[in-house]
Amino acid sequence: SKESPFPLSELPKELGGWTMIPGAQQTLDPETARIAGSSDYIIRQYKQEKSGEEVEVLILYGLASSVFAHTAEVCYPAAGWMAEKHTNDYELTLEGPDKKARYRVGYFSRNVDGARALIEVVYSFRHDGEWLPNAWDRWKKFRSHPGMFRIQIQRQVNGLADETDPSVSLLGDFIPEIERRLAQIPATPAN
């Protein structure tokens with residue numbers, strides 16, 4: 001479970017009206033990837049064809065005992081961003097029976113070259129078959145379910161938005177894609 005059940009690089013570069021911007025794939029430095037608990041990850045820039053919106057997508061897989069602590073409320077202030085308001089949790093309804101994904105939205109700002117930059121961050125963790133806004137209270141399950149996914153979508157904004165923004169739309173496209181790939185993996189027999 002330390003290794004991703006499928007290579008994250010295989011996730012689509014075109015998805016639900018979004019297209020990866022050519023040449024806009026990034027990498028984490030090895031120390032940051034280690035601290036984040038990553039055994040596999042992608043960082044891509046996507047553009048929505050209809051609106052022209054651009055977002056940065058980080059999808060990461062690793063051991064839950066390391067990944068769970070990396071919420072936006074922890075990582076962005078550590079990188080010099082200031083929280084603009086409290087984060088809010090929402091629920092996304094997906095296709096299929098009892099298919100819900102919970103996620104969190106937060107806003108962070110900092111001064112860049114004398115101007116205020118404001119970003120929106122939408123993220124969710126997948127642990128033990130559930131998509132959650134955080135997994136702080138699940139640490140007892142990490143031994144029996146050691147793997148965790150994290151999706152984080154960041155975009156520059158001019159002001160605070162609502163839950164129907166483009167980032168949530170893309171989150172709602174990526175979650176079923178990951179679930180579809182996980183469903184195709186054969187179950188391993190118990191010892």
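One is the number of the first residue; the rest follow in order along the sequence. Predicted model only: the values in this text are computed from it and were never measured.
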Smallest separation among heavy atoms of [X] and [Y], with atom names:
X	Y	answer
Leu60	Ser38	CD1-CB, 3.6 Å
Ser167	Ile153	O-CD1, 3.4 Å
Ala72	Tyr123	CB-CE2, 3.5 Å
Val112	Ala117	CG2-CB, 3.9 Å
Leu182	Pro5	CD2-CG, 3.4 Å
Arg181	Ile185	O-CG1, 3.5 Å

Start with the C-alpha gap between Thr71 and Trp136, add the side-chain angles, then the distance that decides, and say whether side-chain contact (heavy atoms from CB on, under 4.5 Å) holds.
-> CA-CA 10 Å; Thr71 63; Trp136 286 91; 3.6 Å; yes
Regarding [X] and [Y], is there a side-chain donor-to-acceptor distance under 3.5 Å anywhere?
X	Y	result
Glu14	Thr19	no
Glu53	Gln48	no
Gln154	Tyr76	yes
Gln156	Glu54	no

Evaluate salt bridge (Lys or Arg N to Asp or Glu O under 4.0 Å) for Glu84 paired with Arg116, printing each intermediate quantity in order.
-> CA-CA 12 Å; Glu84 281 296 309; Arg116 179 177 173 259; 3.0 Å; yes
Shared hydrophobic cluster, [X] / [Y] (ILVMFWY, side-chain heavy atoms < 4.5 Å):
X	Y	result
Ile178	Trp18	yes
Phe125	Leu171	no
Leu58	Ile119	yes
Met148	Ile151	no

For a 4.5 angstrom cut-off between non-hydrogen side-chain atoms, does [X] reach [Y]?
X	Y	answer
Phe149	Trp131	yes
Leu94	Lys100	no
Leu170	Tyr46	yes
Val105	Val121	no
Phe108	Met82	no
Val67	Leu63	no
Cys75	Trp81	no
Arg44	Leu11	yes

More than 12 heavy atoms of other groups within 6.0 Å of Arg180 CZ = yes
Quick one: [atom1] on [X] to [atom2] on [Y], what's the gap to the nearest 0.5 Å?
X	Y	atom1	atom2	result
Glu56	Ile21	CD	CD1	10.5 Å
Ile59	Ile42	CD1	CD1	4.0 Å
Leu92	Ile175	CG	CD1	6.0 Å
Tyr41	Ser9	OH	OG	11.5 Å
Glu120	Tyr107	CD	OH	4.0 Å
Asn134	His70	CG	NE2	13.5 Å

Looking at [Y], is its backbone amide N or carbonyl O close enough to the side chain of [X] to form a donor-acceptor pair, meaning the two atoms are under 3.5 Å apart?
X	Y	value
Arg104	Leu132	no
Arg34	Ser39	no
Ser124	Arg102	yes
Asp40	Leu8	yes
His127	His145	yes

Would Gln45 and Gln26 satisfy side-chain contact (heavy atoms from CB on, under 4.5 Å), going step by step from the backbone distance to the final call?
-> CA-CA 8 Å; Gln45 301 281 341; Gln26 302 172 30; 3.1 Å; yes
Would you sort out whether Arg126 and Glu179 count as a salt bridge (Lys or Arg N to Asp or Glu O under 4.0 Å), showing the intermediate values?
-> CA-CA 10 Å; Arg126 184 188 191 276; Glu179 291 297 330; 2.5 Å; yes
Evaluate the criterion ring-ring contact (aromatic ring centres under 6.0 Å, His included) for residue pair Phe6 and Tyr61; output intermediate values, then yes/no.
-> CA-CA 10 Å; Phe6 62 89; Tyr61 181 88; 8.3 Å; no
Taking the six-membered ring for Trp, is the centroid-to-centroid distance between Phe68 and Trp139 below 6.0 Å?
-> no
May I have the step-by-step check of side-chain contact (heavy atoms from CB on, under 4.5 Å) for Thr27 and Ile43, ending in yes or no?
-> CA-CA 7 Å; Thr27 58; Ile43 303 175; over 6 Å; no
